[in-house]
S.K.: 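Dropping the structure in here first, questions after.
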Amino acid sequence: MEQKKLDVVLGLQWGDEGKGKVVDVLTPAYNVVARFQGGPNAGHSLVFDGDHFVLHTVPSGIFRKGTVNVIGNGVVIDPVILMEEISEIEKRGVDVSDKLLISKRAHLILPTHRALDAASESAMGKAKIGSTLKGIGPAYADKTGRNGLRVGDILQANFQALYESRKQRHLLLLQQYPAYESPFDFATYEQEWFQAVEQMKRFPFIDSEVYVNEALEKGVSILAEGAQGSLLDIDFGTYPYVTSSNTLSAGVCTGLGIAPSRVGRVYGIFKAYCTRVGSGPFPTELFDEDGERLRQIGHEFGATTGRPRRTGWLDMVALKYTVMMNGVTDLIMMKSDVLDEFDTIKVAVAYKEGNQTTDRFPYDGGKNVTPIYKEFPGWKTPLSDLRKYEDFPEAFKNYIAYIEAETKCRISIVSVGPDRDATVVR
Ligand code: GDP
Ligand code: IMO
Ligand code: MG
C-alpha cells in the first residue's frame, strides 16, 4: 500500500484567516486532526447549527463524530485553559474522553510564564509585541533554553520539585521588573493550574510522533491544523513582531515528528483582505472609513483577547511570499462576503520605498513602504447565499482569477460566511 501523506491547513497572513472553520469543514474527510504548534494564543472559531464556539488548544476536529484529535509535541499547553475549554465542549454534549490525545513532549505553560509575558510586555511600553499575554514567548524560550517542563513530566514522581525549580528561576527573572504588578492573582492561578494538571491525566499522554507515523503507515488520513499565520512565523515573519513558533508548513515536521516527504497537500488560507492584531508592520493597513467598514462588517475583533483587529487591503507581495514559503498546493479564500458592498476593491501589487519599487517581501516587513495598488470594481452582490462557483458574479470571478494568476495556485475553496455551510468547493 502506498504511504499515506499528511495534509496541512495553515494561515498565510497574520492569523485569524479562518483556520478553525476550514478544519471543521474538511474534518469529515480525515480520521485524525492534529495541532502542531502554538498554544492558547490561538482562537479558532467554529459556527454550526446556530452555535458559535472558540477553540484555543483543542484541535478543530473535536465536534465531528469519530475523529481523533491530537495535541502534538510542538504545542505549548496551559492546563487551566485546556481544561476550561474541554469543560465547555462537554457542555455541548460532546464526549471528549476517547477523542483527545496529548503528546508527552508538548511543553507546559507555567503560571510564572504568564507573569513573565505580562511583565516583559509592560516594560517594553510602546515597543511591545502586543502579545496575547498567554505566556507563549517565555514557554517557548524555556523549551529552546532547555529549561522547559513537558506533559510527560506530570507523571514523574518528582513533578512538584521540577515545577518548583522552574518557578524559582522565573521569580528571579521577574525581579528585573520592579514596576510589574501582576494582572492576575498568582496564588489562585497556581492552585487552579495544579488542579487542571490533575484533570489532564484522564487523557492519554502519548508518543504522538509514533502514533502519527504508524497511523500514516496504516493508511489513516491526518489533517494538521496550524495556528497563527505565516507572517507571525518566528523565522520568516515580521520579526520581532511575531509569535514564538514556526507557523509555516515546515513546522509540521518538527511539531508532529514527521519527515518532509510525508507532507501531502498544503491548504493555504487567506482572507480576501488583511487583518493583524498586535504591533508590527502592516503595509496595506487602512486608517480611514474603509478600514472601519472592514472591521465592522467582518466583525474583526480578536477571538482570544477581544482586541479590535487592524484592517487593510489584500497584499499580494506578502501573499506571494507566504505561498512560496509554505509550498501551498491549494488556496482557500475566506470572508469574501465582507467585501460585498464595496464599490472598489484594492490589492497591493508592489511596494515603493523612496524611489525604489519592489514586489519582493522586504526584510523589515515593509515598515516604511507605500503600497502600489491595483483596483478592482466591486461585485455589489451578496455572496453569502451562493453555493456554486458558477453562480458567483463576474466581478468576483475576476478577483479570484487575478489572485490565482499572481500566485500560480488554484483557489479550491471559497468561504462566503462564518457557518460551516457557507462554503463553496470548486
Ligand atoms: P482562525 O484563528 O484562523 O481560526 O480565525 P478566527 O476564528 O480567529 O477568525 C475568523 C473569524 O471570521 C471568525 O469569527 C469566523 O467565524 C469568521 N469567518 C470565517 N469564515 C468567514 C467567512 O467566509 N465570512 C465571514 N463573514 N466570516 C467568516
Ligand atoms: P490564531 O491561531 C492573530 C499575535 C499577537 C501578537 C503576536 C505575539 O487565532 O490565528 P503571542 O501571544 O504569540 O506571544 O503574540 O502574535 N498572535 C495572533 N494574532 N491570531 C492568532 O492566532 C495569534 N496568536 C498570536 O497578537 O501580535
Ligand atoms: Mg483566531
Side-chain angles (χ1 to χ4, degrees), residues 9-25 35 37-48 51-57 59-60 75-76 78 109 113-114 116-118 120-121 128-141 225-234 237-245 247 269-282 294-310 332-340 382-384 386 413-424:
V9 163
L10 49 79
L12 296 175
Q13 296 160 326
W14 285 283
D16 304 326
E17 296 89 350
K19 297 173 292 291
K21 166 175 170 167
V22 168
V23 170
D24 174 57
V25 166
R35 273 277 303 267
Q37 47 67 233
N41 46 351
H44 295 181
S45 315
L46 280 61
V47 181
F48 54 91
D51 205 358
H52 173 258
F53 206 90
V54 182
L55 293 165
H56 301 287
T57 317
S60 301
V75 176
V76 288
D78 182 330
I109 302 176
H113 284 139
R114 226 182 122 192
L116 281 165
D117 202 1
S120 149
E121 283 284 88
K128 70 175 181 190
I129 306 294
S131 138
T132 59
L133 304 180
K134 303 293 177 197
I136 304 296
Y140 277 115
E225 173 179 2
Q228 290 77 56
S230 302
L231 297 168
L232 291 172
D233 181 273
I234 183 73
T238 50
Y239 193 88
Y241 302 101
V242 293
T243 190
S244 301
S245 62
T247 58
I269 310 193
F270 68 103
K271 281 181 194 171
Y273 51 97
C274 280
T275 64
R276 169 162 209 172
V277 230
S279 324
F282 181 179
L294 287 173
R295 187 173 305 109
Q296 294 305 330
I297 302 171
H299 302 291
E300 296 296 357
F301 298 89
T304 295
T305 58
R307 291 179 290 179
R309 293 176 182 150
R310 300 157 65 191
I332 301 183
M333 183 156 80
M334 310 300 291
K335 304 192 87 158
S336 322
D337 53 298
V338 173
L339 299 178
D340 283 353
L383 297 178
S384 280
L386 305 180
I413 299 176
V414 178
S415 176
V416 292
D419 197 275
R420 231 181 222 176
D421 297 332
T423 311
V424 177

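For ligands, and for the atoms within them, numbers begin at 1 and follow the listed sequence.
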S.K.: Check whether any side-chain heavy atom of Tyr241 sits under 4.5 Å from a side-chain heavy atom of Pro281, and report yes or no.
M.R.: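 Tyr241 vs Pro281: side chains touch.
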
S.K.: Using the rule given for side chain to side chain contact (heavy atoms under 4.5 Å, CB included), can you reason through Asp24 versus Val22, listing the C-alpha separation, both sets of side-chain angles and the distance that settles it, and then say yes or no?
M.R.: CA-CA 5 Å; Asp24 174 57; Val22 168; over 6 Å; no

S.K.: Using atom types as modelled and distance alone, determine if a side-chain donor or acceptor of Glu121 lies under 3.5 Å from a backbone N or O of Ser131.
M.R.: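 Such a contact is found between Glu121 side chain and Ser131 backbone.
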
S.K.: Under 3.5 Å, N or O to N or O, is His52 touching ligand 1 that way?
M.R.: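 The answer is no, given that His52 and ligand 1 share no N or O pair closer than 3.5 Å.
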
S.K.: Can a donor-acceptor pair be found, under 3.5 Å and without considering hydrogens, that links the side chain of Ser384 to the backbone of Val416?
M.R.: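 Yes, Ser384 side chain to Val416 backbone: donor-acceptor pair under 3.5 Å.
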
S.K.: Within the side chain of Lys335, is there an N or O that forms a donor-acceptor pair under 3.5 Å with the backbone of Phe270?
M.R.: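 Judged by distance alone, no pair lies under 3.5 Å.
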
S.K.: Output the atom name for the N/O/S atom of Asp16 with the smallest distance to the Mg ion (ligand 3).
M.R.: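 The closest N, O or S atom of Asp16 to the Mg ion (ligand 3) is OD1.
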
S.K.: Look only at interatomic distance and state if Lys21 has a nitrogen or oxygen under 3.5 Å from any nitrogen or oxygen of ligand 1.
M.R.: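 N/O-N/O distance below 3.5 Å does not exist for this pair.
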
S.K.: May I ask you to identify, for Glu225, whether its side chain, its backbone, both or neither come under 4.0 Å of ligand 1 on a heavy-atom basis?
M.R.: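 It is neither part, as no heavy atom is under 4.0 Å.
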
S.K.: Would you mind reporting whether Met333 and Ser415 have side-chain heavy atoms less than 4.5 Å apart?
M.R.: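 Not in contact.
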
S.K.: Any idea which part of Val54 is under 4.0 Å from ligand 1, heavy-atom wise: side chain, backbone, both or neither?
M.R.: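 Contact part for Val54 vs ligand 1: neither.
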
S.K.: Using a strict 4.0 Å cut-off to heavy atoms of Gly417, name the atoms of ligand 1 that fall inside it.
M.R.: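 Counting from 1, the qualifying ligand atoms are 20 (N), 21 (C), 22 (C), 23 (O), 24 (N), 25 (C).
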
S.K.: Which residue supplies the protein heavy atom nearest to atom 10 (C) of ligand 1, what is that atom called, and how far is it?
M.R.: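 Checked against all protein heavy atoms, atom 10 (C) of ligand 1 sits closest to Asp16 O, 3.7 Å.
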
S.K.: Could you tell me which atoms of ligand 1, counted from 1 in the order shown, lie closer than 4.0 angstrom to a heavy atom of His44?
M.R.: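 Once the distances to His44 are compared, the set is 1 (P), 2 (O), 4 (O), 7 (O).
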
S.K.: Which residue owns the protein heavy atom closest to atom 15 (O) of ligand 2, what's the atom, and how far is it?
M.R.: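 Scanning the protein heavy atoms, the shortest distance from atom 15 (O) of ligand 2 goes to Ser131 CA, 3.4 Å.
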
S.K.: Dump the intermediate steps for side chain to side chain contact (heavy atoms under 4.5 Å, CB included) on Ile413 and Thr423, then the final yes or no.
M.R.: CA-CA 7 Å; Ile413 299 176; Thr423 311; 3.5 Å; yes

S.K.: Could you identify the single nearest non-hydrogen protein atom to atom 4 (O) of ligand 1 and state the distance to 0.1 Å?
M.R.: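 Ranking protein heavy atoms by distance from atom 4 (O) of ligand 1, first comes Gly20 N, 2.8 Å.
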
S.K.: Is it the case that the side chains of Ser60 and Arg35 hold a donor-acceptor pair, with the cut-off being a distance below 3.5 Å and no angle test?
M.R.: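 Checked: Arg35/Ser60 side chains show no N/O donor-acceptor pair below 3.5 Å.
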
S.K.: Number the atoms of ligand 2 from 1 as they appear, then name those within less than 4.0 Å of a heavy atom of Gly130, with their elements.
M.R.: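 Contacts of ligand 2 toward Gly130, numbered from 1: 5 (C), 6 (C), 26 (O), 27 (O).
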
S.K.: Specify side chain, backbone, both or neither for Trp14, according to which of its non-hydrogen atoms lie closer than 4.0 Å to ligand 2.
M.R.: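 The answer is the backbone.
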
S.K.: Students should be able to answer this: which protein heavy-atom is nearest to atom 20 (N) of ligand 2, and at what distance?
M.R.: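 Heavy-atom neighbour on the protein nearest atom 20 (N) of ligand 2: Asp16 OD1, 3.1 Å.
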
S.K.: Could you go through the salt bridge (Lys or Arg N to Asp or Glu O under 4.0 Å) check for Asp16 and Arg309 one step at a time?
M.R.: CA-CA 10 Å; Asp16 304 326; Arg309 293 176 182 150; 3.0 Å; yes

S.K.: Locate the shortest heavy-atom distance separating Ala303 from Ser45; write the atom from each residue and the value.
M.R.: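 Smallest interatomic distance, heavy atoms only, reads CB-OG, 4.0 Å.
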
S.K.: Do Thr132 and ligand 2 have an N or O pair less than 3.5 Å apart?
M.R.: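 Yes - when backbone and side-chain N and O of Thr132 are compared with those of ligand 2, one distance drops under 3.5 Å.
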
S.K.: Select the closest option to atom 22 (O) of ligand 2 among Arg310, Gln228, Arg276, Lys19, judged by heavy-atom distance.
M.R.: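 Minimum heavy-atom distance to atom 22 (O) of ligand 2 goes to Gln228.
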
S.K.: Looking only at N/O atoms, are Ile136 and ligand 2 under 3.5 Å apart anywhere?
M.R.: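 Not met; the criterion fails.
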
S.K.: Just heavy atoms, cut-off under 4.0 Å: does Arg307 contact ligand 2 by side chain, backbone, both, or neither?
M.R.: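 Side chain only.
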
S.K.: Which of the listed options, Asn41, Thr243, Leu232, Val76, holds the heavy atom that is closest to atom 17 (N) of ligand 2?
M.R.: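 Looking at heavy atoms only, the winner is Leu232.
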
S.K.: Looking only at heavy atoms, which two atoms of Leu231 and Val242 are closest? And how far apart?
M.R.: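 In terms of heavy atoms, the two residues are closest at O-CG1, 4.0 Å.
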
S.K.: Any idea which atoms of ligand 1 are less than 4.0 Å away from a heavy-atom of Met334?
M.R.: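 Near Met334, the atoms of ligand 1 are 20 (N).
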
S.K.: Return the residue, atom name and 0.1 Å-rounded distance of the protein heavy atom closest to atom 16 (O) of ligand 1.
M.R.: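 Checking every protein heavy atom, the shortest distance to atom 16 (O) of ligand 1 gives Pro418 CB, 3.5 Å.
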
S.K.: Relative to ligand 2, is Asp117 under 4.0 angstrom through side chain, backbone, both or neither, heavy atoms considered?
M.R.: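 Within the 4.0 Å criterion, Asp117 makes no contact with ligand 2.
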
S.K.: So, is His44 polar-close to ligand 2, with some N/O to N/O distance under 3.5 Å?
M.R.: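 Yes, His44 has an N/O under 3.5 Å of an N/O on ligand 2.
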
S.K.: Would you say that Arg420 contacts Lys21 through its side chain, given a criterion of any heavy-atom pair below 4.5 Å between the two side chains?
M.R.: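 A side-chain contact is absent here, since even the closest heavy-atom pair is not under 4.5 Å.
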
S.K.: Could you tell me if Tyr273 and Glu300 have a donor-acceptor pair between their side chains, going purely by distance under 3.5 Å?
M.R.: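 Distance-only check passes for Glu300 and Tyr273.
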
S.K.: Among protein heavy atoms, which sits nearest to atom 15 (C) of ligand 1, and what does the distance come to when rounded to 0.1 Å?
M.R.: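 Here the nearest protein heavy atom works out to Ser45 CB, 3.9 Å.
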
S.K.: Numbering the atoms of ligand 2 from 1, which are under 4.0 Å from a heavy atom of Ala42?
M.R.: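 In order of numbering, the contacting atoms are 1 (P), 2 (O), 9 (O), 22 (O).
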
S.K.: For ligand 2, is Gly43 a contact, meaning one of its heavy atoms is under 4.0 Å away?
M.R.: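 The answer is yes: ligand 2 sits under 4.0 Å from a heavy atom of Gly43.
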
S.K.: Do Thr247 and Leu10 have side chains that get closer than 4.5 Å, going by heavy atoms?
M.R.: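 A side-chain contact is absent here, since even the closest heavy-atom pair is not under 4.5 Å.
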
S.K.: Identify, by atom number and element, the atoms of ligand 2 in contact range of Ala227, meaning under 4.0 Å from any of its heavy atoms.
M.R.: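 In order of numbering, the contacting atoms are 2 (O).
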
S.K.: Which residue owns the protein heavy atom closest to atom 24 (N) of ligand 1, what's the atom, and how far is it?
M.R.: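 Result: Asp337 OD1, 2.8 Å.
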
S.K.: Can you confirm whether the side chains of Thr243 and Asn41 place a donor and an acceptor under 3.5 Å from each other?
M.R.: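 Thr243 vs Asn41: donor-acceptor pair found between side chains.
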
S.K.: In the protein, which heavy atom is nearest to atom 6 (P) of ligand 1, and how far is it?
M.R.: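 Looking at atom 6 (P) of ligand 1, the protein heavy atom closest to it is Gly43 O, 3.5 Å.
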
S.K.: Looking only at protein heavy atoms, identify the closest one to atom 27 (O) of ligand 2 and say how far it is in Å.
M.R.: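 Of the protein heavy atoms, Val277 O, 3.1 Å lies nearest.
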
S.K.: Does some side-chain heavy atom of Val23 sit less than 4.5 Å from a side-chain heavy atom of Pro59?
M.R.: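 When only atoms from C-beta onward are counted, Val23 and Pro59 do not touch, as no gap falls below 4.5 Å.
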
S.K.: State whether the side chain of His44 and the backbone N or O of Lys19 hold a donor-acceptor pair below 3.5 Å, judged by distance alone.
M.R.: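 No; judged by distance alone, with no hydrogens or angles, the pair does not exist.
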
S.K.: When you measure from atom 23 (O) of ligand 1 to every protein heavy atom, which one gives the shortest distance, and what is it?
M.R.: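 Ranking protein heavy atoms by distance from atom 23 (O) of ligand 1, first comes Ser415 OG, 2.5 Å.
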
S.K.: With respect to Ala303, determine whether any N or O atom, backbone or side chain, lies less than 3.5 Å from an N or O atom of ligand 1.
M.R.: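 There is no such contact.
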
S.K.: Compute whether any side-chain donor of one residue and acceptor of the other, for Ser279 and Lys128, lie under 3.5 angstrom apart.
M.R.: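 No, no side-chain donor-acceptor contact under 3.5 Å.
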
S.K.: So, do Leu339 and Leu383 sit near enough that their side-chain heavy atoms are less than 4.5 Å apart?
M.R.: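 No, side chains not in contact.
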
S.K.: For atom 11 (C) of ligand 1, grab the closest protein heavy atom and report residue, atom and distance to one decimal in Å.
M.R.: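 Answer for atom 11 (C) of ligand 1: Lys335 NZ, 3.6 Å.
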
S.K.: Which residue owns the protein heavy atom closest to atom 7 (C) of ligand 2, what's the atom, and how far is it?
M.R.: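 The protein heavy atom lying closest is Val242 O, 3.8 Å.
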
S.K.: Checking only N/O/S atoms, does Gly43 have one that is under 2.8 Å from the Mg ion (ligand 3)?
M.R.: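 Given the 2.8 Å cut-off, Gly43 counts as a ligand of the Mg ion (ligand 3).
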
